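Everything below concerns the one structure shown next.
No experiment lies behind these values; they were computed from the predicted model shown.
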Amino acid sequence: MPRKPLRLPFSALLACCFAISSYVLAKEARPVYSALTAHEWGTFTSIAGADGQAVEWSPLTGSTDLPGFVEHFRNPGFKLGLRGTVRMETPVLYFYDSREETISVKVAFAKGIITEWYPHASAVEPTKILFAGSLQQPHPGGSIAWDTVTLMPAARTEFLRENRDNHYYAARMTSSTPLRVKAPSGEQHEKFLFYRGVSTFSGPLSATLTSAGTVRVENLNTEAIPNTILFERRRDKLGYRIDGPVQKESDLAPPQLTGSIDDLARDLEGLLVAQGLYQDEAHAMVETWRGSWFEEGSRLLYIVPNGFVNTVLPLSINPAPAQTVRVFVGRLELVTPVTEKAVETAFAAHDRTTLEKYSRFLEPILATLIKKESNPAKVRQLQDYLGFYYSSAIDRNQPRN
């Protein structure tokens, strides 16, 4: 039996048309281009105190590990005495697009300030005077914006490079779309947007040393920690232990020092790819931090939960990408008894080679030793070591003519 055609009253047809028009207008109000993709990686570096959470510290170093063309908040020396709980290191934003188009980008930074960036930014907040020192003093939250970033998939551009090796350049080893930003000095070209900063927010986990010699990792976040790696290196020997996701807490036994950097690099790249990075992006990230993540000492490396990243580092891109992937690695330095003994022995013996291995973490390591020591004479000796470190760091960062 043939079906009768469906007949709708005019009012119902009008309602349907209105609903479809409203949907189309809503879509047009927030355009999403299927061709645009954004990927980002970065590092949050902290050092654990006695309670396992990040303590306030200052590495007493400026921006000496960056090329000279990178721009700075005020000047390269401003960061020298800037105290915070977290050093946000080398986030890079990659873009992938099949056509040339212009986008705008803004990143806010909870309880922090942006200290370095490239290419030239349209605005970096706050603009008012900040005293070099602790970020615990009241101040507006930091942010950085690039109002006009032109993506150029067909560009064949030479990127600025100084005549020396620098780990900054490793981030260029990807297939990301080249971009252009106009600066007062002219056009700047790069493979990504780069920025750094310092903040005082608390991390998503704590790591404490137990009496049994293990490291207890406690998740302070509602979202699971996707993965953790306990790493230790003593001279030419190193080891690591991959523990997997942490819902609430986990105890990690110290790794045996029988591993290799190449094996760890491969495993870490695999974890980063599993979080959504492309293979070349993961490789670029590991190569950027190979000399730092795998240096002397003990530390917990972990994948920062995505919700936590978006809370402390909100990202806005317009037009909105069809896909945005953000993968941040947390680095929580651990002051173990082995580290304490190595640093104290090196100071007593004036062993600069060993002290250099702990470099920017020497201040909080000595502060930990002083807080634990009950012998007044020993306290004075450790304070002398700390004073020597301060004077050496200041001298080291003085500009040379």
Side-chain angles (χ1 to χ4, degrees), residues 38-49 51-57 84-94 105-115 135-136 140-144 193-208 215-231 242-250 252 268 271-277 281-282 285-286 288-289 292-293 299-317 320-321 323-334:
H39 281 198
E40 180 181 29
W41 56 254
T43 302
F44 293 143
T45 298
S46 302
I47 184 164
D51 62 354
Q53 298 189 43
V55 298
E56 187 180 83
W57 61 296
T85 54
V86 176
R87 323 297 284 194
M88 178 179 65
E89 298 176 319
T90 315
V92 291
L93 262 166
Y94 298 111
V105 179
K106 183 174 182 179
V107 186
F109 192 23
K111 300 183 179 181
I113 63 171
I114 304 299
T115 52
L135 285 174
Q136 299 290 358
S143 67
I144 186 168
L193 297 178
F194 158 83
Y195 62 101
R196 274 188 183 177
V198 181
S199 183
T200 58
F201 66 77
S202 299
L205 55 71
S206 67
T208 52
V215 175
R216 177 158 299 161
V217 179
E218 183 180 357
N219 185 1
L220 307 176
N221 195 55
T222 56
E223 191 177 353
I225 305 296
N227 229 308
T228 58
I229 302 176
L230 183 59
F231 173 86
I242 300 177
D243 188 49
V246 179
Q247 296 288 343
K248 293 184 178 180
E249 66 176 39
S250 179
L252 302 180
L268 188 50
L271 296 180
L272 297 173
V273 170
Q275 294 300 311
L277 290 185
E281 294 172 336
M285 185 180 193
V286 172
T288 297
W289 291 114
S292 178
W293 285 348
R299 63 197 56 95
L300 185 74
L301 301 174
Y302 61 95
I303 303 295
V304 183
N306 196 251
F308 185 88
V309 174
N310 292 331
T311 298
V312 300
L313 203 64
L315 170 65
S316 174
I317 302 172
Q323 181 197 56
T324 300
V325 173
R326 310 182 79 189
V327 180
F328 276 66
V329 171
R331 170 184 176 168
L332 186 60
E333 202 71 10
L334 306 175

Say whether, by atom type as modelled, one donor and one acceptor occur between the side chain of N219 and the main chain of E249 under 3.5 angstrom. no

Measuring only between side-chain heavy atoms, which start at C-beta, is W41 closer than 4.5 Å to L272? no

Heavy-atom side-chain contact between V329 and R331 under 4.5 Å: no

Atom CD in E89, atom OG1 in T288: separation rounded to 0.5 Å? 11.5 Å

Test log, rule side chain to side chain contact (heavy atoms under 4.5 Å, CB included), inputs V107 and L193: CA-CA 11 Å; V107 186; L193 297 178; over 6 Å; no

I47 CD1 to T85 OG1 distance, which is reported to the nearest 0.5 Å: 12.5 Å

Using the rule given for side chain to side chain contact (heavy atoms under 4.5 Å, CB included), can you reason through D51 versus S206, listing the C-alpha separation, both sets of side-chain angles and the distance that settles it, and then say yes or no? CA-CA 8 Å; D51 62 354; S206 67; over 6 Å; no

Is there a side-chain contact between P204 and I225, using heavy atoms and a 4.5 Å cut-off? yes

Inter-residue atom distance F201.CZ - L313.CG, 0.5 Å rounding: 8.0 Å

Let's go through V246 and L205 carefully: what are the C-alpha distance in whole Å and the side-chain angles of both, what is the deciding distance for side chain to side chain contact (heavy atoms under 4.5 Å, CB included) to 0.1 Å, and is it a yes or a no? CA-CA 10 Å; V246 179; L205 55 71; over 6 Å; no

Among N306, V304, V312, which residue satisfies the side-chain contact (heavy atoms from CB on, under 4.5 Å) criterion with F328? V304

How far does NE2 of H39 sit from CD of Q323, to the nearest 0.5 angstrom? 4.0 Å

For E40 and P91, which heavy atoms make the closest approach, and how far apart are they? OE2-CB, 3.8 Å

Show your reasoning for whether salt bridge (charged side-chain N to carboxylate O under 4.0 Å, His left out) applies to E333 and R299. CA-CA 4 Å; E333 202 71 10; R299 63 197 56 95; 2.9 Å; yes

Mind listing the closest non-hydrogen atom pair of A282 and V273 along with its distance? CB-CG2, 3.8 Å

Determine the minimum heavy-atom distance between M285 and G42, stating which atoms define it. CE-O, 3.2 Å

Any donor-acceptor pair under 3.5 Å from D243 side chain to T228 backbone: no

What's the separation between atom CG in L301 and atom CG in L271, rounded to the nearest 0.5 Å? 10.0 Å

Donor-acceptor check, side chain of E223 to backbone of P305, threshold 3.5 angstrom: yes or no? no

Please check: side-chain N/O of S199 versus main-chain N/O of A110, any donor-acceptor pairing under 3.5 Å? yes

Main chain of G52, side chain of T208: is a donor-acceptor contact present, judged purely on distance under 3.5 Å? no

Look at the side chain of S46 and the backbone N and O of L332, then say whether any donor-acceptor pair between them is shorter than 3.5 Å. no

I'd like to know whether the aromatic ring centres of F109 and Y195 sit less than 6.0 Å apart in this structure. no

Heavy-atom check, side chain of L334 versus side chain of L230, under 4.5 Å: yes

Work out which heavy atom in M88 is nearest to a heavy atom in I114; give both atom names and the distance. CE-CD1, 3.9 Å

Would you say that L268 contacts W293 through its side chain, given a criterion of any heavy-atom pair below 4.5 Å between the two side chains? yes

With a 3.5 Å distance limit and no angle check, can you tell me whether S250 reaches the backbone of V217 through a side-chain donor-acceptor pair? no

Nearest 0.5 Å, what's the CD-CD distance between Q53 and E218? 8.0 Å

Where do I303 and P226 come nearest, in terms of heavy atoms and distance? O-CD, 3.1 Å

